[in-house]
Each structure stands twice: as structure tokens, then as C-alpha cells.
Amino acid sequence: MVSTVTGLGQLGLSRGPFRHVAMLALRAALLANDLTIFQNRSDAKMIARRRGPYRRSRVIESSGIDTSAFQPGFSEREDPLVVAMMARLIWTKGVREFVAAAHELAAKHEGVRFVLAGERDPNHPETVPESFVRNMTHTGAVEYVGLVRDPAEFLRSCDVFVLPSYREGFSRVLLEAMSSGVPVVTTDVPGCRDVIRDGENGIVVPARDENALASAIERLISDASLRQRLGQEARRSVEQRYSAETISEQYMDAYVSAGIPVRTQRG
């Protein structure tokens with residue numbers, strides 16, 4: 001039996017008795033595993049910090065990205081700069097901080113579009129209400145485009161990508177943006193800081209800090225060479241560490257190391 005813990009969601013952010021009970025239940029559920037795979041080290045430490053059942057565990061960062069599908073757009077666009085966020089519309093993705101930063105910067109940079117993409121999740125306890133979405137777009141500072149059917153095409157139209165999340169398992173959308181050669185701004189939280197090296201392949205800011213977020217976005221708006229450098233290094237990072245082929249090899253190695261029979265199919 002193999003389980004992959006792709007993230008802790010609300011459990012990772014909760015506090016008090018609920019978290020304690022839920023963590024005990026999760027640890028108990030994983031007792032029978034021959035192998036448990038975590039996607040970031042913070043989750044692994046939180047769950048596997050006790051002895052016994054997690055002696056066979058492995059951290060494999062992400063599920064891999066199809067780098068042939070998510071490629072940089074090479075055409076020179078004369079359109080206004082596009083600063084975008086794409087995520088489920090729940091507060092813990094940092095929607096409020098993105099909108100606040102956009103409102104601050106839109107007044108100073110009239111030639112920049114701020115675009116928010118993603119669906120509301122009505123059943124989630126942290127869902128962004130419709131009233132917020134209506135008010136957000138009323139001022140004209142933020143464009144809301146809803147669900148994106150072709151993320152690769154959407155990302156090729158972006159100049160800066162923002163994910164001010166409070167916590168992730170291992171952010172797939174960050175990897176998609178990076179693979180597309182888009183410079184990213186994200187937060188110093190599990191699942192985001194694991195992939196972004198601040199100043200090397202992106203910019204990292206504190207979570208829940210709209211002022212720091214706005215400052216980082218403005219750096220990229222104002223510096224084309226910085227956007228280019230971070231975008232190129234982001235693409236290189238994904239090719240070297242997070243391609244679907246690289247991650248698949250890590251999964252195969254984890255299975256073999258755990259003594260799990262593996263059948264491969266070629267062709």
C-alpha cells in the first residue's frame with residue numbers, strides 16, 4: 001500500500017483540538033503503508049515526526065510538469081503588462097492580498113492589467129463570497145476571468161504571476177507558470193518556498209502581507225531585465241528538477257527502494 005500526501009489543506013492551517021485529533025487520525029490511517037510519499041518537507045516533518053510507521057517515507061517534490069505543454073511564449077507583445085493570479089477563490093490562496101496589491105499598484109501603473117482567474121468553491125469554508133468578487137471588479141483595478149480552460153495559453157499571455165498562498169502541498173500552478181517562463185512572486189510558506197529561491201528564480205515575500213506583495217510586484221513591473229532573468233531561471237529550474245520525466249523516475253526509485261514490485265510499459 002502506497003499513499004501520497006499531496007498537501008494538508010485546512011489541516012495545515014488549523015489550530016487547537018481539531019488539529020490534534022485530525023493529525024492523530026491521519027497518522028493512524030497511514031500505519032499500514034508500505035510507502036508514504038510527501039510532497040514537501042514541512043508536511044513530512046509534521047506527520048512523520050514520531051517513530052514507527054513512517055520509517056518508509058520519501059519526499060518527492062511535486063507530481064511533475066509537462067514542460068512541452070507549458071512553454072514560454074516567444075512573441076514580442078506590445079500589449080500592456082499582465083500581472084495575473086490563477087487559483088481557487090478561497091481566502092487561503094491569498095486572494096485578498098492580491099486584490100489589495102492590485103488596487104494599490106493600478107493607481108500608479110495605468111498601463112498594467114491585473115487579472116484574477118479561477119472558480120469559486122462554494123463548499124469550502126474559506127470560499128470568497130460573490131459580493132467580494134463583484135466589489136473587486138467594480139473599481140476596474142482587477143479583471144476577473146473565471147475558470148481558465150487552457151492554463152498553458154493563459155500563462156503565455158502573462159508577464160508576472162502571483163500566488164500569495166498561506167500554505168500549499170507543492171504548488172502545481174507555480175510550476176506551470178515557471179515552466180512557461182513567467183517570473184513569479186509567492187510567499188514564504190510550505191509548498192511555495194520549496195520551489196522558489198528568492199532573487200534567483202522568483203521573489204518570495206511574507207504571507208498575508210499585502211504591502212510586501214505590492215512592493216515585489218512593482219519591482220517586476222518596473223524592471224524588464226529582472227523579469228526576463230527570473231523567468232528564464234524559473235524555466236530552467238523546472239526542466240532540471242520538476243519535469244514529469246524526472247519526477248516519474250523518483251517515484252519508480254521510491255517504489256523499488258521500498259521493495260514494491262513495479263511493472264513498466266513502454267511504447
Side-chain angles (χ1 to χ4, degrees), residues 1-9 12 26 29-48 53-74 86-88 93 148-156 158 161 163 165 167-184 186 189-197 200-202 204 230-267:
M1 182 180 296
V2 180
S3 294
T4 299
V5 181
T6 58
L8 297 181
L26 180 57
L30 299 175
L31 282 173
N33 281 357
D34 297 292
L35 175 65
T36 301
I37 295 172
F38 300 93
Q39 290 202 338
N40 70 63
R41 299 186 186 283
S42 296
D43 289 354
K45 289 179 181 178
M46 184 179 296
I47 297 174
Y54 309 107
R55 59 190 180 277
R56 286 188 173 181
S57 66
R58 181 78 67 92
V59 175
I60 299 179
E61 296 180 329
S62 89
S63 301
I65 290 294
D66 183 351
T67 55
S68 64
F70 291 90
Q71 294 195 37
F74 297 102
M86 180 167 59
R88 283 186 301 157
K93 294 295 182 182
V148 172
R149 299 291 180 184
D150 188 342
E153 181 181 7
F154 176 78
L155 289 168
R156 281 192 292 271
C158 300
F161 185 80
L163 183 67
S165 179
R167 187 185 181 95
E168 296 287 320
F170 202 92
S171 175
R172 183 175 184 83
V173 72
L174 272 186
L175 293 181
E176 291 172 347
M178 293 170 66
S179 184
S180 302
V182 183
V184 303
T186 192
V189 299
C192 295
R193 63 181 174 225
D194 305 80
V195 63
I196 297 298
R197 301 184 302 278
E200 296 183 29
N201 62 352
V204 178
L230 294 182
Q232 290 175 344
E233 186 56 36
R235 169 71 183 185
R236 189 159 33 246
S237 297
V238 174
E239 289 176 326
Q240 292 176 350
R241 298 183 60 187
Y242 304 112
S243 70
E245 295 79 9
T246 298
I247 298 301
S248 293
E249 289 177 2
Q250 292 181 35
Y251 268 86
M252 292 291 287
D253 179 68
Y255 277 50
V256 171
S257 298
I260 299 170
V262 176
R263 293 178 59 190
T264 60
Q265 182 174 349
R266 300 182 181 274

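Every value quoted in this text rests on a predicted model; they were computed, and no experiment measured them.
Distance CG/D34 to OG/S3: 9.5 Å, rounded to 0.5 Å. In this structure, the separation between OG on S165 and CZ on R88 is 9.5 Å, given to the nearest 0.5 Å. The CE atom of M178 lies 12.5 Å from the CG atom of L155; values are rounded to the nearest 0.5 Å. Interatomic distance, M252 CE to S257 OG, rounded to the nearest 0.5 Å: 11.0 Å. With rounding to the nearest 0.5 angstrom, the CG atom of N40 is 9.5 Å from the CZ atom of F38. To the nearest 0.5 Å, atoms CG (L35) and CD1 (I260) are separated by 5.0 Å.
Here the side chains of R235 and S179 are in contact, with some heavy-atom distance below 4.5 Å. Contact of the V5 side chain with the Q39 side chain is not registered, since no non-hydrogen atoms from C-beta on lie closer than 4.5 Å. Side-chain atoms of F161 and M86, non-hydrogen and from C-beta on, do get closer than 4.5 Å to each other. Side-chain contact between I37 and Y255 is present, with at least one heavy-atom pair separated by less than 4.5 Å. A 4.5 Å side-chain heavy-atom check between P151 and R172 finds every atom pair outside the cut-off. Put simply, the side chain of V195 does not reach to within 4.5 Å of the side chain of E61, judged on heavy atoms. Annotation: side chain of L175 is not in contact with side chain of F70 (no heavy-atom distance under 4.5 Å).
A salt bridge between D43 and R167 is present, with a side-chain N of the basic residue lying under 4.0 Å from a carboxylate O of the acidic one. Under a 4.0 Å N-O distance rule, the pair E233/R236 qualifies as a salt bridge.
Between V182 and C158, the shortest heavy-atom distance links the atoms CG2-O, 4.0 Å. The minimum heavy-atom distance between I60 and A254, with the atom names listed, is CD1-CB, 4.2 Å. Taking each heavy atom of S243 and T67 in turn, the nearest pair found is CB-CG2, 4.2 Å. Across all their heavy atoms, C192 and L163 have their closest contact at SG-CD2, 4.3 Å.
Taking Y242 as the reference, F170 meet the ring pair (Phe, Tyr, Trp, His ring centres under 6.0 Å) condition, with sequence neighbours excluded.
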Practice problem: Decide yes or no on side chain to side chain contact (heavy atoms under 4.5 Å, CB included) for D194 and E168, but give the supporting numbers first. | Solution: CA-CA 10 Å; D194 305 80; E168 296 287 320; over 6 Å; no

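T246 and Q240 share no donor-acceptor pair across their side chains, judged by distance under 3.5 Å alone.
By the neighbour-count criterion of 12 heavy atoms within 6.0 Å, atom CZ of R197 is densely surrounded, having more than that number from other residues, nucleotides or ligands.
For the pair N201 (side chain) and I196 (backbone), a donor-acceptor distance under 3.5 Å is absent.
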